[in-house]
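The block underneath contains the structure these notes are about, expressed in structure tokens.
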Amino acid sequence: MTTAAIMHHPDEQCFVLEWQGQQARLEYQYQAQSATSQARVDFNHTFVPPEFRGQGLAAQLVQFGLCWAGQQHLQVTASCWYVAKVMRDNAEKAAANQAGSANHHKDLG
């Protein structure tokens with residue numbers, strides 16, 4: 001997997017990864033906290049130039065965006081199918097790790 005610097009552009013509501021003169025992007029819509037709801041972010045679009053797809057650039061953007069949202073204590077939604085897939089995969093891995101840890105402790109007891 002390729003690693004590159006990701007820049008946050010809050011005024012454009014996006015994260016940008018510059019790679020070989022091209023840009024991969026993760027776009028979002030921010031909704032401020034109100035009297036009735038927590039602040040939230042909807043990750044609504046990912047784009048990677050066709051010649052760079054399959055190299056993990058979108059995954060890096062999404063993980064970076066999710067980390068940022070967690071640090072900001074934002075409620076996260078994903079109207080982008082790819083972001084939803086990454087969130088689902090992360091949840092499945094966390095559940096598998098938790099189950100594996102519980103089974104390990106059970107075997108030791």
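Throughout, numbering of the chain's residues begins at 1 and tracks the sequence. On a predicted model such as this, the values are computed, not experimentally measured, just so you know.
In terms of heavy atoms, Leu61 sits closest to Leu26 at O-CD2, 3.4 Å.
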Kindly list each side-chain donor-acceptor pair under 3.5 angstrom involving residues 43-50, sequence neighbours excluded, with atom names and distances?
none

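Qualifying side chain to side chain donor-acceptor pair (under 3.5 Å) partners for His9, counting only residues two or more places apart in sequence or in other chains: none. Every residue meeting the side-chain contact (heavy atoms from CB on, under 4.5 Å) condition with Gln63, not counting sequence neighbours, appears here in chain and number order: Leu66, Val86, Asn90. When the side-chain contact (heavy atoms from CB on, under 4.5 Å) test is applied to Phe64, the partners found at least two apart in sequence or on another chain are Ile6, Phe15. Listed by chain and residue number, Glu12, Cys14, Val16, Gln23, Glu27 satisfy the side-chain contact (heavy atoms from CB on, under 4.5 Å) test with Arg25 (two or more places apart in sequence, or in another chain). Judged as a side chain to side chain donor-acceptor pair (under 3.5 Å), and not counting sequence neighbours, Gln29 has no contacts. Partners of Glu92 by side-chain contact (heavy atoms from CB on, under 4.5 Å), not counting sequence neighbours, listed by chain and number: Arg88, Asp89.
Contacts classified as salt bridge (charged side-chain N to carboxylate O under 4.0 Å, His left out) and involving residues 36-54 (residues at least two apart or in different chains) are not found. Sorted by first then second residue, the salt bridge (charged side-chain N to carboxylate O under 4.0 Å, His left out) pairs that include residues 55-73, not counting sequence neighbours, number zero. Pairs passing the side-chain hydrogen bond (donor to acceptor under 3.5 Å, both in side chains) check and including a residue from residues 64-74, sequence neighbours excluded, do not occur.
Distance check, rounded to the nearest 0.5 Å: CD of Gln22 to CZ of Phe52 gives 5.5 Å. Note that CD of Gln33 and CG of Leu74 are 10.0 Å apart. Values are rounded to the nearest 0.5 Å.
Side-chain contact between Ser79 and Tyr28 is absent, with no heavy atoms from C-beta onward closer than 4.5 Å.
Criterion: ILVMFWY side-chain heavy atoms under 4.5 Å apart, direct or through other members. Under it, Val62 and Tyr30 are part of a common hydrophobic cluster.
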